[in-house]
There are 2 protein chains.
Amino acid sequence: MRALGLANVRQERFPLQVWERGREDAMVLSPAPQRIAVTALGWSPATPVGGIEAEVALVDSLEALKAAPANAYKGKIVLVTQATPRTHDGSGYGATGPIRRFGALEAKKRGAVAFLLRSLGTHHHRFAHAGSQDRATITQGIPAAAVSPPDVELLQRLAKRGPLRMTLTLTPKPVRDGFSQNVIGEITGSEKPEEIVLVGAHIDSWDLGTGAIDDGAGTAIVLGAAKLIKALPSPPKRTIRFVLFGAEEQGITGGRSYAEKHKADNHLVVTEADFGQGPVYGLNTRFADPEHPTAQALMRVLAPLGVVRGSNAADGGPDVSPMVEAGVPAIDLAMEGTDYFDLHHTADDTFDKIERGRINQSVAAYVAALWTFLSWAAISV
Amino acid sequence: MRALGLANVRQERFPLQVWERGREDAMVLSPAPQRIAVTALGWSPATPVGGIEAEVALVDSLEALKAAPANAYKGKIVLVTQATPRTHDGSGYGATGPIRRFGALEAKKRGAVAFLLRSLGTHHHRFAHAGSQDRATITQGIPAAAVSPPDVELLQRLAKRGPLRMTLTLTPKPVRDGFSQNVIGEITGSEKPEEIVLVGAHIDSWDLGTGAIDDGAGTAIVLGAAKLIKALPSPPKRTIRFVLFGAEEQGITGGRSYAEKHKADNHLVVTEADFGQGPVYGLNTRFADPEHPTAQALMRVLAPLGVVRGSNAADGGPDVSPMVEAGVPAIDLAMEGTDYFDLHHTADDTFDKIERGRINQSVAAYVAALWTFLSWAAISV
Ligand SMILES: [Zn+2]
Ligand SMILES: [Zn+2]
Ligand SMILES: [Zn+2]
Ligand SMILES: [Zn+2]
């Protein structure tokens, strides 16, 4: 940010709880021996020394798990086998996300000794999909892991041949206290510096991959927009604040910290880039008046980039959601994500997956939309 | 095979040397810490306890490695970065295969303490590609491993920022004696039972995946052909022998054993299915007379399946190559393999990659070709 010439560049530190992955090892014992690819879910406790050996109960869905009586899975490992549908807008992941967040808690209530789910990814590779669970699992969880999609299908085939028994070993360290930070920089407005247009991305990522698409791509888009706006011949009328959030992946820890610290700031509108590399195909708003002239102005600059008008139900993005819930207007520049969950939160999220043309279109869309807010004479969306 | 009603079903045991993978762990120390995905090559010795820490020398090709003087890589880890081209016929893998087989021996001659290569795969996933080395590495090897394609590109980018240092830990067990077996069954000829048409596949596979495409697919094609030929209203005139070879992956150990044990048998023609699931697109022959009427008869039944005439330089397949080298005629039913090296020898070689339509066409082509040999009046190709 300093290299880009941004103003007020700073880190804002916040406390968090640290969960650190250990060894992860899963082996089917019967009806046929087979090693399977798993990865521990965030906040999972370790298995006992030597691992867990138990029968595996296959369950179709979180709903079916919740419908089972107490002790239905006593002493067993529960595996929820539901697949995540491939969609362009993340709605598939939205639908299956609760399996990961709440599955271990629901399985424990019914006597299970460990919880597994089909990885919340849309690929068909032998990668397991990391991700966080509900914070209640920090104290009330059971060992929990995601299984790669091909391995879940293998388990489903094996289960037809006889009772499934397996061992599961997970050795994450006990949760401990730590800290992280948000990284912030600005271009100060020339006429109304106190009115802030905020655009964010997050700089943490899951440990299995290198975080290229989640959220290196978003970070590149935001910094690309910063570079272009900084290079314009005249400065914006309002202030634009670039925020690279920390600890999004563990449950929007950086976003909550920012919202609390900056609740008195005058945020005119907020948005985040956290859905891969684009291209941007849709504009969602969350305006008091969805027909506000600003929405029309945004579409005048976005339509030539191939962007269509979406809903007025924008969430802004995960890290700005605490501000949006508090009533701050937001936009989403909705990005094409049909392939996003092929890579997201796996070891395969690496830089070679980045396509320059997609990033470039996204940067153009962010600059066009942000500049509309930065330069438009009268905005009170 | 017994369930299919084949005759003379038997196992033929042979000795081999067993190499067994252990833990594999690689970490870049500088210029930036990063865990990378590696897998030990067959016959690799273990690293010293605690692993190897050394500077990494990037080398473009095996030719460049061979051109370097003695001690050029003294104390270093050599990484050959050449990529395997994607081709439909395996010629890309054919071209880069010597890097894996001979790289460690060549690196050792120049003082290297370990050898790495870019995985011989055409995918862009974070999987490392297993495979065997030249047998001389059993006694003369150094620790050797394949690096996933995205990680090699990461290392190439990091190397531009400063000297690359990394740690490598491999813990395969010492090579020991063991045994495996070929599995054989027949449909006995009604007129000339002593004339044998041999079709093979191999039932061993690399340990990282489940061997679905290499060579479960070939095994399925061969057994599918057995089922259809067995179901024909009249038996074949000649004997068809189905051989499921063991230990192909460690260097055609089962194929060499079979050739030695059966060198007195009258093999009319041999072939193998070991290039994935098809479809079959080409007929290669290795006949004394490539214009022999049998070649024309083969094309009459294969052309309607979309098969074109190829060369007269068939190799038959890896497990039958010792027989072909001894002068036995062979055919190749060349299978479309553009995607074969996306999966081959990786953890991602799993059953979900199998496409029924591709297997079905391949079975049809094998049955059509084999039946031509089994029923044709006069064959002496
Ligand atoms: Zn994200
Ligand atoms: Zn994420
Ligand atoms: Zn093979
Ligand atoms: Zn193979």
Side-chain angles (χ1 to χ4, degrees), chain A residues 20-28 32-39 81 83 118-119 121-130 147-158 160 169 205-213 216 339 342-355, chain B residues 20-28 32-39 81 83 118-119 121-130 147-158 160 169 205-213 216 339 342-355:
Chain A
E20 190 178 338
R21 187 183 309 285
R23 199 157 54 84
E24 27 209 27
D25 198 60
M27 182 90 188
V28 179
Q34 183 65 50
R35 187 167 301 283
I36 63 171
V38 300
T39 200
T81 58
R118 179 173 164 134
S119 285
T122 50
H123 60 84
H124 231 285
H125 296 298
R126 206 120 176 255
F127 295 117
H129 178 276
V147 181
S148 88
D151 285 295
V152 170
E153 295 178 11
L154 175 75
L155 292 170
Q156 290 175 305
R157 288 192 301 273
L158 287 176
K160 290 180 184 152
T169 304
S205 72
W206 277 96
D207 56 330
L208 300 172
T210 62
I213 67 141
D339 59 355
D342 291 352
L343 303 169
H344 175 263
H345 291 198
T346 73
D348 215 19
D349 181 4
T350 52
F351 182 71
D352 52 290
K353 313 306 186 303
I354 297 296
E355 300 171 40
Chain B
E20 190 179 337
R21 187 184 308 286
R23 198 156 54 83
E24 26 209 29
D25 198 61
M27 183 90 190
V28 179
Q34 183 66 48
R35 189 168 299 283
I36 63 172
V38 300
T39 199
T81 58
R118 179 172 164 136
S119 285
T122 51
H123 60 82
H124 231 285
H125 296 298
R126 206 124 176 251
F127 294 117
H129 177 274
V147 181
S148 88
D151 285 296
V152 170
E153 295 178 10
L154 175 74
L155 292 170
Q156 290 174 305
R157 289 192 300 273
L158 288 176
K160 290 180 185 153
T169 304
S205 72
W206 278 97
D207 56 329
L208 300 171
T210 63
I213 67 141
D339 58 355
D342 291 351
L343 302 168
H344 177 262
H345 294 198
T346 72
D348 214 20
D349 181 3
T350 52
F351 184 71
D352 51 290
K353 311 307 186 302
I354 297 296
E355 299 171 40

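Treat the numbers as computed from the prediction; the structure is a model and nothing was measured. Within every chain, numbering begins at 1; the chains are lettered A, B, ... in the order of the sequence lines, protein sequences first and strands thereafter. Both backbone and side-chain heavy atoms feed into the values below; hydrogens, waters and symmetry mates do not.
The greatest number of non-hydrogen atom pairs below 4.5 Å with chain B, out of Arg157(A), His123(A), Gln34(A), is found for Arg157(A).
Thr210(A) contributes atom OG1, which lies 7.0 Å from atom CG of Leu154(B) (distance to the nearest 0.5 angstrom).
Here the side chain of Lys353(B) pairs a donor or acceptor atom with the backbone of His124(A) at under 3.5 angstrom.
Between His125(B) and His125(A), the ring-plane angle classifies as tilted under the 30° and 60° cut-offs.
If you measure heavy-atom distances from Arg35(B) to chain A, you find no contacts under 4.5 Å at all.
Across Asp348(A), Asp352(A), Leu208(A), a single residue satisfies side chain to side chain contact (heavy atoms under 4.5 Å, CB included) together with Arg126(B), and that is Asp348(A).
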